[in-house]
Number of protein chains: 2
Amino acid sequence: MKTPEKTRCENCIIRQFNSLKAFSKEELKTISDNKVSREFKKGDQIFKEGEKLSGVFCVRDGASKLSKLSENGKHQIVKIAKKGEILGQRSVVSDEQTNLSATALNDTSMCYIPKQLIIDKINENPEFTRNLLKVMASDLRESDNFIVNMSQHNVKQRIAEALLYLEANFGTDDEGFLAVNLTREDLANVVGTATESCIRQVAELKKDNYISTKGKKTKIEDKKGFEDMISGF
Amino acid sequence: MKTPEKTRCENCIIRQFNSLKAFSKEELKTISDNKVSREFKKGDQIFKEGEKLSGVFCVRDGASKLSKLSENGKHQIVKIAKKGEILGQRSVVSDEQTNLSATALNDTSMCYIPKQLIIDKINENPEFTRNLLKVMASDLRESDNFIVNMSQHNVKQRIAEALLYLEANFGTDDEGFLAVNLTREDLANVVGTATESCIRQVAELKKDNYISTKGKKTKIEDKKGFEDMISGF
DNA sequence: CGACCGGTTGAGTGCGGTCAACACGCGTGG
DNA sequence: CCACGCGTGTTGACCGCACTCAACCGGTCG
């Protein structure tokens with residue numbers, strides 16, 4: 001199952017950003033021969049909470065949300081995965097069902113790598129395993145910070161944080177607007193609030209000249225002010 | 001620096017519960033020769049957020065809270081570590097400062113293992129590394145669940161969850177009271193609320209016969225009811 | 001064209017944060 | 001020995017943030 005030259009892992013720059021950078025040319029060839037490229041359209045579900053994954057997804061391009069459904073019917077978005085991240089590693093190392101659902105936020109291309117390959121590599125390539133450890137350590141740190149932010153900040157502050165996070169991780173277009181576009185509902189689900197509350201607070205942020213909007217796009221105008229507001233002036 | 005026979009790692013049953021179970025008798029001897037036993041009294045700080053740890057702590061007995069200070073001056077408790085857990089692994093694998101502070105909730109005894117030993121073992125013993133991965137994967141899962149609980153449940157539900165968590169992880173004494181005793185303030189910091197709100201909701205739980213108290217001890221009377229209440233009746 | 005989705009606004013309400021006062025046990029020092 | 005201070009637990013009152021329900025608008029798609 002050879003893939004076209006230009007999408008082979010050996011030539012893929014994305015791998016520089018994740019734990020796969022530990023692999024030799026030889027190993028990358030094996031992976032490339034076993035991977036499958038997959039495309040998702042905006043809104044497509046990549047996998048669902050509770051599924052048993054048979055491999056991991058390496059994000060080549062696009063953004064996808066990782067969310068969990070709580071019994072009151074609301075989706076809490078836990079993380080937004082960007083280019084270079086690998087989804088499903090956790091489930092593979094712990095050999096359990098996924099804890100989260102993944103959904104494409106825009107058109108997304110992924111490489112699907114069968115889990116046995118990953119497990120083999122964990123056993124064979126210590127550097128890869130160490131990279132994995134580091135990635136997970138940093139995810140844990142992020143989770144802890146997220147927990148603190150959620151419980152100690154009000155909705156306005158959490159929205160500010162979410163927007164800063166989006167800018168830092170996905171960047172802006174040439175006019176300075178955020179490169180990823182969350183619906184108000186998604187943004188509400190990130191900060192764990194009702195859609196209406198989210199809309200109202202965004203309107204406040206706009207009124208206070210922290211942000212501006214054009215169509216559905218959002219631009220952060222006053223990053224410094226944001227940071228001050230988050231830490232309570 | 002030999003330790004007395006009875007506290008040597010080879011004889012320590014605690015290691016069955018954590019990633020250290022991967023080690024051979026030989027390896028345990030090395031660890032034992034390099035570790036230091038340390039005792040903490042209730043309220044003692046084990047390490048502080050931002051410190052650079054030079055090793056990890058293996059909890060031999062007792063309970064300790066892992067918390068993070070937010071800029072509004074409140075401590076958010078992220079996890080309560082029990083017997084068998086290892087504190088500081090994350091900072092060691094990522095070679096960064098700790099993200100969290102650790103404080104003893106009651107008299108606690110720990111073994112301090114220098115970080116170089118852990119790093120060496122990560123490089124030498126693949127099974128140990130795999131165990132580490134699993135522990136961290138499970139921590140991540142817990143964190144995600146915590147985030148959902150925090151953002152989708154009200155204070156009463158979160159307290160119920162916290163109490164169930166304490167019962168499941170630390171058990172009860174012979175009369176059925178929870179074996180660990182959090183102050184109201186600590187409990188409030190776990191669920192991310194004000195101390196007074198916490199007190200009021202606990203009083204409600206008592207009025208509704210979900211729990212009972214005796215002195216400072218708490219007993220869960222209606223676990224089933226708790227679970228129903230958490231998922232919204 | 002109508003259905004539907006996303007965004008927006010209004011009005012009402014209640015949960016939970018905050019401040020203030022007080023009760024109680026415990027240790028410490030005069 | 002008692003006075004005092006301090007930490008913890010508790011209660012009351014007030015109030016504002018954020019949730020909920022409901023209506024409405026504009027764009028898009030079948």
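Numbered from 1 within each chain, the chains take letters A, B, ... in sequence-line order.
- Side-chain polar atoms of B/T213 and B/K206 form a donor-acceptor pair below 3.5 angstrom.
- B/N189 contributes no side-chain N or O that, together with a main-chain N or O of B/Q76, makes up a donor-acceptor pair within less than 3.5 Å.
- Although no hydrogens or angles enter the test, the distance criterion places no donor-acceptor pair under 3.5 Å between the side chain of A/Y210 and the main chain of A/E204.
- Protein atom CD of B/Q157 is 14 Å distant from nucleotide atom P of D/dC19, rounded to whole Å.
- The CG atom of B/N189 sits 14 Å away from the C1' atom of D/dT8 (whole-angstrom rounding).
- Remark: B/K156 engages B/D208 in a salt bridge, criterion side-chain N to carboxylate O under 4.0 Å.
- The pair A/D144-B/K68 does not count as a salt bridge, with every side-chain nitrogen at least 4.0 angstrom from each carboxylate oxygen.
- A donor-acceptor pair under 3.5 Å is formed between the side chain of A/E49 and the backbone N or O of A/L69.
- Side chain of B/Q157 to backbone of B/M229: a donor-acceptor contact under 3.5 angstrom is found.
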Protein proximity profile, nucleotides 3-16 of chain C - base contact B, sugar-phosphate-only contact S, no contact -, cut-off 4.0 Å on heavy atoms: ---SSBBBB----S
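- Minimum heavy-atom separation, B/I230 to B/H153: O-NE2, 3.7 Å.
- Of the residues in residues 63-82 of chain A, none lies under 4.0 Å from DNA chain C by heavy-atom distance.
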